[in-house]
Amino acid sequence: MFPTNVFYPTRPNGLRMREELLAFVGKRGTLLEPEAVEYLLAQQDPMVPLERFLASRQDLPLVVTLQDVLQAVDLARKAAAHARPTAPATAVAAAAPMALAPASFHGHAERASDHSPDVKILRDITGRSTCEGTLEDFTRYFRHRFTTLSRMLRSRRELGGAQEIAKARRSTREVRFIGMVADVRNTKNGHRILDLEDETDRISALLLADSPLAGETVVSDEVLGIVGTVNDRGLVIAQSLVRPDIPVARPFRGTSEHIRAAFVSDIHVGSNTFLDEKWAKLTAWMASDDEVARSLRYLVVSGDVVDGIGVYPRQDEDLAIDDIYGQYEDLAKKMAALPDHVTVVMIPGNHDAVRPAEPQPALPQPIQKLFDSNLIFAGNPSLVSLHGVKVLAYHGRSMDDFVSSIPGMNYHRPIDAMKEMLKMRHLAPIYGGKTPIAPEAEDHLIVEEVPDIFVTGHVHAVGVDAYRGVVLVNSSTWQAQTPYQKMRNIEPMAARMPIVDLATGQAVIKEF
Ligand code: D5M
Ligand code: FE
Ligand code: ZN
């Protein structure tokens, strides 16, 4: 069962607190955005951040947004850190957007070598794949996707009393229902029509071009809720869309010490555009006595660790090492050259020597044997605990499908797609695009548990940000532009390494 109360703690005095909050801002002639209310109610003392925000403003806005509150909290945290430079930062962290990562960390660094590794793989397909790709497998897979996501949606207040589609169709009043998107199309007047299905029936919903829903991203095969009214032709005029989402922003639950994790991906060892010198610089820096380098306890490698063989037509022309074992042997040497205090967790990507269909299992034993014991291999995706901090690592192939089906998404802004994944609570919602999906008995691409850190690679870009308390990381590449990427106009942002402080969730990007 989905442990609702673990993710969305409700305070026993929640109702009274909610009234108090609303009355408090009401007296000051302003309103609280519902998301801000939810965030505040999840805090130890909801009044503290609110008072902080109100105190920071001379003239109050009409509506106080979640962003306003988070910014005030972040400012207060920074001010506190400034006043007490050696005091550990409070666990508020990564709440404010950090697209422009600061150059250095707040807080004191620990020596990683003083801490033994603490890695637990919490969720991963490796060794548990059962599917054979039969029709029954697909039916079971989609049923699992639908049931799991609709269970999440049912716990949303907006969808209280949601009906089955067969019932909703016959309604003449306001309806609420949950469906899997079977089709999205535009009408000639710029409206959008969604076809939605559940186990009972199918229905069409209209998103009007001049409504706030016009800007909502909707993709095939995601599961969402609709609130609307049915017109006399059986079409639902949607008033709102409800995503499973992360309904309540949570503070970052970090470690007590400032140990850090670094993130790389898309190393593409074996490619003739692999950035040898940049990697050598990285290796030297990691072993140096730089304070941040010494504080790195973990290195998470999110796939495309080698360039592979026969991944795309005429790839042999772009290879410096044309043997798959040769490529992994070379990578193993590079990993062995990293300092002992760094434990590596490695997942595969679409260039690696495992099945391309997601979820992908960990690299096979004959390849794992090439590496020393400082490496831990996991599947793609995996939920891994590093010193208790939950990291969801996913290579990110589905971003190709996000980019091709959503206007405005692009390869330079992977964070936008990552936020959509969290809202949809699914890493690869679009079925039948470029991302091959294996119909396992359970949908491993569902984001069941909210992670503390969510990392992807694949698009050869770099970025850090946060969404509702989850730190988002996209981890660059160690390969310069290939002829294929040149043809597709993909400019890599290479040799940049995001590093996250596991105590505070603060992220910086180190460039080589
Ligand atoms: O992906 C490297 C980059 O190339 C990344 O931005 C995605 C893009 N890419 C890769 N394969 C495709 C396809 N089939 N269509 C469109 N774009 C693609 P890598 O996985 O390293 O090859
Ligand atoms: Fe790649
Ligand atoms: Zn890739």
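In what follows, residues are counted from 1 in the order of the sequence shown. Just so you know, these numbers come straight off a predicted model, no measurement behind them. Below, all heavy atoms of this structure are taken into account, side chains as well, without hydrogens, waters or symmetry copies.
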Discussion item. Restricting to non-hydrogen atoms, name the atom on Asp501 and the atom on Ala503 that form the minimum distance, rounded to 0.1 Å.
Written reply: OD1-N, 2.8 Å
Discussion item. So does His106 get a backbone contact from the side chain of Gln506, meaning a donor-acceptor N/O pair under 3.5 Å?
Written reply: yes
Discussion item. Show, in sequence, the C-alpha distance, side-chain angles and deciding distance for Arg185 and Asp183, and conclude whether the salt bridge (charged side-chain N to carboxylate O under 4.0 Å, His left out) test is met.
Written reply: CA-CA 7 Å; Arg185 56 190 182 276; Asp183 190 33; 2.9 Å; yes
Discussion item. Between Asp352 and Val354 (side chain of the first, backbone of the second, donor and acceptor by atom type, cut-off under 3.5 Å), is there such a pair?
Written reply: no
Item to complete: For the residue pair Tyr312 and His351, categorise the inter-ring angle as parallel (less than 30°), tilted (30 to 60°) or perpendicular (more than 60°).
Response: perpendicular
Practice prompt. Determine, step by step, whether Val269 and Tyr328 satisfy the side chain to side chain contact (heavy atoms under 4.5 Å, CB included) criterion, reporting the C-alpha distance in whole Å, the side-chain angles of both residues, the deciding distance to 0.1 Å, and the verdict.
Written response: CA-CA 8 Å; Val269 169; Tyr328 283 105; over 6 Å; no
Discussion item. Pair Asp330, Lys334 - check salt bridge (charged side-chain N to carboxylate O under 4.0 Å, His left out), show working.
Written reply: CA-CA 6 Å; Asp330 191 85; Lys334 292 180 163 57; 2.4 Å; yes
Practice prompt. Go through Phe402 and Asp416 one step at a time and tell me if the side chain to side chain contact (heavy atoms under 4.5 Å, CB included) criterion holds.
Written response: CA-CA 10 Å; Phe402 274 98; Asp416 293 349; over 6 Å; no
Discussion item. Are there over 12 heavy-atom neighbours, none belonging to Arg496, within less than 6.0 Å of that residue's CZ?
Written reply: yes
Worksheet entry | Heavy-atom donor-acceptor pair, Arg355 side chain to Ala357 backbone, under 3.5 Å | yes
Worksheet item: Do Asn186 and His191 get their side chains close enough for a donor-acceptor pair, meaning under 3.5 Å?
Response: no
Practice prompt. State whether a side-chain donor-acceptor pair under 3.5 Å links Glu110 with His115.
Written response: yes
Worksheet, complete the sentence: In short, Pro429 meets Met424 closest at the heavy-atom pair CG-SD, 3.7 Å
Practice prompt. Can you measure from CE (Met418) to CG (Leu422) and round to the nearest 0.5 angstrom?
Written response: 7.0 Å
Worksheet item: What do you reckon, is CD of Glu277 surrounded by more than 12 foreign heavy atoms closer than 6.0 Å?
Response: no
Worksheet item: Would Asp465 and Lys419 pass as an ion pair if we require N to O under 4.0 Å?
Response: yes
Item to complete: Return yes if a side-chain donor-acceptor contact under 3.5 Å exists between Ser271 and Gln479, otherwise no.
Response: yes
Item to complete: Could you tell me whether a side-chain N or O of His341 sits under 3.5 Å from a main-chain N or O of Leu296, the two making a donor and an acceptor?
Response: yes
Worksheet item: Checking side-chain hydrogen bond (donor to acceptor under 3.5 Å, both in side chains) for the pair Ser129/Glu440: CA distance, chi angles, key distance, verdict?
Response: CA-CA 7 Å; Ser129 171; Glu440 297 293 345; 2.7 Å; yes
Fill in: Distance-minimising heavy-atom pair for Gln315 and Gly308
NE2-O, 3.4 Å
Worksheet item: For Asp340, does the CG atom have more than 12 heavy-atom neighbours from other residues, nucleotides or ligands under 6.0 Å away?
Response: no
Worksheet entry | Matching residue for Arg123 among Leu392, Val384, Leu383 - test: side-chain contact (heavy atoms from CB on, under 4.5 Å) | Leu383
Response to the item:
Taking every heavy atom of Trp285 against every heavy atom of Met497, the minimum-distance pair comes out as CZ3-CE, 3.7 Å
Worksheet item: Taking atom CD of Gln368 and atom CD1 of Ile376, what is their separation to the nearest 0.5 Å?
Response: 10.5 Å
Worksheet item: Any donor-acceptor pair under 3.5 Å linking the side chain of Glu216 with the backbone of Leu213?
Response: no
Practice prompt. State whether the side chain of Asp137 and the backbone N or O of Pro439 hold a donor-acceptor pair below 3.5 Å, judged by distance alone.
Written response: no
Discussion item. Could you measure the distance from the OG1 atom of Thr456 to the CG atom of Leu427? Nearest 0.5 Å is fine.
Written reply: 9.5 Å
Worksheet item: Side-chain donor-acceptor pair under 3.5 Å between Ser295 and Arg111, yes or no?
Response: no
Discussion item. Between Arg250 and Asp452, does any side-chain N to carboxylate O distance fall below 4.0 Å?
Written reply: yes
Discussion item. To check you understand the geometry: which heavy-atom pair defines the closest contact between Met335 and Leu375, and what is its length?
Written reply: CB-CD1, 3.9 Å
Worksheet item: Taking Asn380 for the side chain and Pro359 for the main chain, is one N or O donor matched with an acceptor at less than 3.5 Å?
Response: no
Worksheet entry | Charged N-O contact under 4.0 Å between Asp316 and Arg314 | no
Item to complete: Quick one: sort the His460 and His268 rings into parallel, tilted or perpendicular, breaks at 30° and 60°.
Response: perpendicular
Worksheet item: Checking side chain to side chain contact (heavy atoms under 4.5 Å, CB included) for the pair Leu319/Gln327: CA distance, chi angles, key distance, verdict?
Response: CA-CA 10 Å; Leu319 290 177; Gln327 292 180 359; 3.8 Å; yes
Item to complete: Classify the side-chain pair Ser265/Ser475 by whether it contains a donor and acceptor separated by less than 3.5 Å.
Response: yes
Worksheet item: Asp245 pairs by salt bridge (Lys or Arg N to Asp or Glu O under 4.0 Å) with which of Lys423, Arg468, Arg425?
Response: Arg468
Practice prompt. Search all heavy atoms of Gly457 against all heavy atoms of Met399 and return the closest pair with its distance.
Written response: O-CE, 3.4 Å
Practice prompt. Report the C-alpha separation of Tyr394 and Phe454 in whole Å, then their side-chain angles, then the decisive distance to 0.1 Å, and conclude whether the ring pair (Phe, Tyr, Trp, His ring centres under 6.0 Å) test is met.
Written response: CA-CA 8 Å; Tyr394 172 53; Phe454 173 30; 7.3 Å; no
Fill in: Option from Asp266, Asn474, Asp400 for which side chain to side chain donor-acceptor pair (under 3.5 Å) with His458 holds
Asp400
Practice prompt. Mark yes or no: Lys510 above the aromatic ring of Phe512, with NZ or CZ under 6.0 Å from the six-membered ring centre and no more than 45 degrees from the axis.
Written response: yes
Discussion item. Within this structure, what is the CD-CD1 distance for the pair Glu329 and Ile324, rounded to the nearest 0.5 Å?
Written reply: 11.0 Å
Worksheet item: Got a second to check how far Thr187's OG1 is from Leu206's CG, nearest 0.5 Å?
Response: 7.0 Å
Worksheet item: Donor-acceptor pair, Thr255 side chain versus Leu502 backbone, under 3.5 Å?
Response: yes
Worksheet item: Donor-acceptor pair, Ser405 side chain versus Asp401 backbone, under 3.5 Å?
Response: yes
Worksheet item: Taking atom types as modelled and ignoring hydrogens, do the side chains of Asp124 and Thr126 form a donor-acceptor contact shorter than 3.5 angstrom?
Response: yes
Item to complete: Please list, chain by chain and in numerical order, all residues satisfying ring pair (Phe, Tyr, Trp, His ring centres under 6.0 Å) with Tyr298, sequence neighbours excluded.
Response: His387
Discussion item. Does Ile430 form a side chain to side chain contact (heavy atoms under 4.5 Å, CB included) with Thr435? I'd like the steps, not just the answer.
Written reply: CA-CA 8 Å; Ile430 304 164; Thr435 314; over 6 Å; no
